[in-house]
Amino acid sequence: MRRILLAAVLAMLGTSLPASDKTMDGFISGLMRKMTLREKIGQLNLLPAGEIVTGAEINTEVSGSIAAGDVGGVFNVKGTDKIRALQEIAVRKSRLGIPLIVGMDVIHGYETIFPIPLALSCSWDTAAVERSARIAAREASADGICWTFSPMADIALDARWGRISEGNGEDPYLGSRMAAAMVRGYQGDYSRADNIMACLKHYAMYGAAEAGRDYSMADMSRVRMYNQYLPPYKAAVEAGVGSVMSSFNVVDCIPATANKWLMTDVLRGEWGFDGMLVTDYESIKEIIKHGTAEDLADASAQALNAGTDMDMCSRGYIGTLEQSVLDGRVSAEAVDRACRRVLEAKYRLGLFDNPYKYCDPKRRKKDIFTAENRAAARDIAAETFVLLKNDNGTLPLKKEGRIALIGPLADTRSNMAGTWCVAYTPERYSTLRESMAQALGGKAELLYAQGCNITADERQQKDGEFGKAIKRGDDALMKAEALAVARQADVIVCAMGETAEMTGESSSRAKLAMPDVQAALLAELVKTGKPVVLLNFSGRPTVLTWEQDNVQAIMNVWFGGSEAAHAICDVLFGDKTPCGRLTVSMPRATGQEPLYYNHLSSGRPVEEGAKRYYKFRNNYLDVRNDPLYPFGYGLSYTSFEYGEPRLSAATMERNGGVKATVTVKNTGDRDADEVVQLYIRDRVASISRPVKELKGFQRIHLKAGESREVTFDITPDMLKFYNSELRHVLEPGDFSIMTGPDSRRLKTVKLTVR
Ligand code: BGC
């Protein structure tokens, strides 16, 4: 009785009671007793709503399947009206009235869009990332969505892979912190109507696609998996993620979706994950293409037996599992287990209490794309831009004289938000040209020319647009017009780079330099002798070697979301100071990929930063080893000075701890944020260890002239690694403790662990 009363009070406050496991178990057992085998399998069937809802029409075939109890969930449908209509079919027409779970790729915002995840990670601001996920959850849940296919925790070392844009870059520690922050932001403790369930993806090693080509095989040693690739997934599980999505690739030559070691032994056994495991899009079907299953029945049985609960789009479970139970290929218990997990997810989301919990039309009006959400997106976007070069204080620009804005990304609305924004409303977003005019408010004259296409090859440009078209014109004419505009200006701002969809799924690139006609135009603009600022739009590390040598200022602006254009102006004109730091190494040449700072040492290394070639050494004839811009790098409008790191003790007991302190001073004349970074190196271990590994960071705010001592706790956990038996161990000996502003400019102190 007290629980009911409390529930009533909480309901008035817009929250509900956290589900007690016992109550939930009892409820679900009772429900499952009433379910036929077919109905249980129906719960495991997840379908894309695109096939169900066309405009306002509901596809009768699929609505029939929902009514028959053959569908457990749908995804990527927008709007409470449509979602309510689908939910009503499930609740009113199916025999047991089990509500649908409704998912969407809410990857970096709903209608208020935040920067792409790679950019978000460059803020090194976990609170901001958590906040972005919180706002995304609030907006999505106000529009009928209760489940997001995010975060993506795939470590990506190869910039050719387009999906590097959807993750947190190359570092397992930073990636873990970011993935956990996103889970917290989306889910909270599920009790509120504006929290949604997160889905960790793509488990596992999807980012290791060979040659950076999407959907390629990934292969590596288990030691490498445990030390470098698995930590961010594990961190999301530890943060309580409610669901996990398997990846398209093979792991140990077995498709992830059918890989029992991965899905059951590691995820559930070692890490204790007890949520719902869903496949990626048609990945059960793809098991056949991988050559490890004969047909859909075989593939489906393998997936279920490996521990996969829900089938996204293959229709393998709904089409074959009943017969497979009869044939003894899968057990009825395995179906029960999977069904229970799907029902538990629905229960935890409160859908059994109220199937329309996420379909409140009042919330839709008041919670989506609000001024407050947009202000947060604008602030956060400004934190993600990385200032790569700034000669003679070219930036910030003064609001005076004549400014020429040139480039194919200067006046596009649909490309500002980035890849994967299913629910976006681009007509409400500003182009950079519009925001600049607004920011200048008539104080300076703004000239504009598109200048060139994205690339000379029309077909290639179309393929890279995926619906987010950029106007095409004649390159020669556009160049002439741009040069005429540039000659009248005091400064030239170039908005160039990739379109939003040149990264993301199925957008691998083998050439990472500025595309042909854009590079040619940039060279001509530089020849005018006017100062040139390059705003590099990209969803991946690109090659900016020529630009570094020839352009006065370069800022990587990624794809900054719905408020990107305003945020760019905030930083461009100095209302805000750039403070993003790279979470990916930016190469000098595409051939350096995969390029990452935390590599193992060769037996024939060259000195870090070596400028020439050495015969019989680990280097290239034609390009230096080190990146153009290293991991952790980013400039500011002020400057910082770092002292030597100091330890509270030179030795540490195996279960003890020491403190590392470094003094950081803002030596410029602007207040600004700095990201103080801590790296370690295990000097001698039983397996080869990375030359450096990020183990801590702190974002601090320093006033002009202010200095501060920044202290990190060095804990045994930080010094541990997975050895060749996959045991997590701390091996005594010497460690380098390094602090500094990025992974290149570090100062070192020695720590001995006894
Ligand atoms: C992608 C996933 C995504 C899913 C559903 C797949 O193609 O790999 O990341 O969540 O589609 O849209």
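All ligand and atom numbering here is 1-based and tracks the order in the structure. None of the values given here were measured: they were computed from a predicted structure. Start at 1 with the first residue, then count along the sequence.
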Quick one: pull up CG in D309 and CE in M263 and give me the separation to the nearest 0.5 Å.
10.5 Å

With side-chain contact (heavy atoms from CB on, under 4.5 Å) as the test, pick out the partner of S283 among N249, D311, T308, T257.
T257

Could you label the plane-to-plane angle of the Y233 and Y203 rings as parallel, tilted or perpendicular, counting under 30° as parallel and over 60° as perpendicular?
perpendicular

With side chains defined as the heavy atoms from C-beta onward, is the minimum distance between N556 and F537 less than 4.5 Å?
no

Mind checking what makes ring-ring contact (aromatic ring centres under 6.0 Å, His included) contact with F466, not counting sequence neighbours?
none

Atom pairs, nitrogen or oxygen, ligand 1 to protein, under 3.5 angstrom:
from	atom 1	to	atom 2	distance (Å)
ligand 1	7 (O)	E505	OE1	2.8
ligand 1	7 (O)	E505	OE2	3.0
ligand 1	8 (O)	R163	NH1	2.7
ligand 1	8 (O)	D280	OD1	3.3
ligand 1	8 (O)	D280	OD2	2.6
ligand 1	9 (O)	R163	NH2	2.8
ligand 1	9 (O)	K201	NZ	2.8
ligand 1	9 (O)	H202	NE2	2.7
ligand 1	10 (O)	D105	OD1	2.6
ligand 1	10 (O)	K201	NZ	3.1
ligand 1	12 (O)	D105	OD2	2.5

Angle between ring planes, Y429 versus Y424, binned at 30° and 60°: parallel, tilted or perpendicular?
tilted

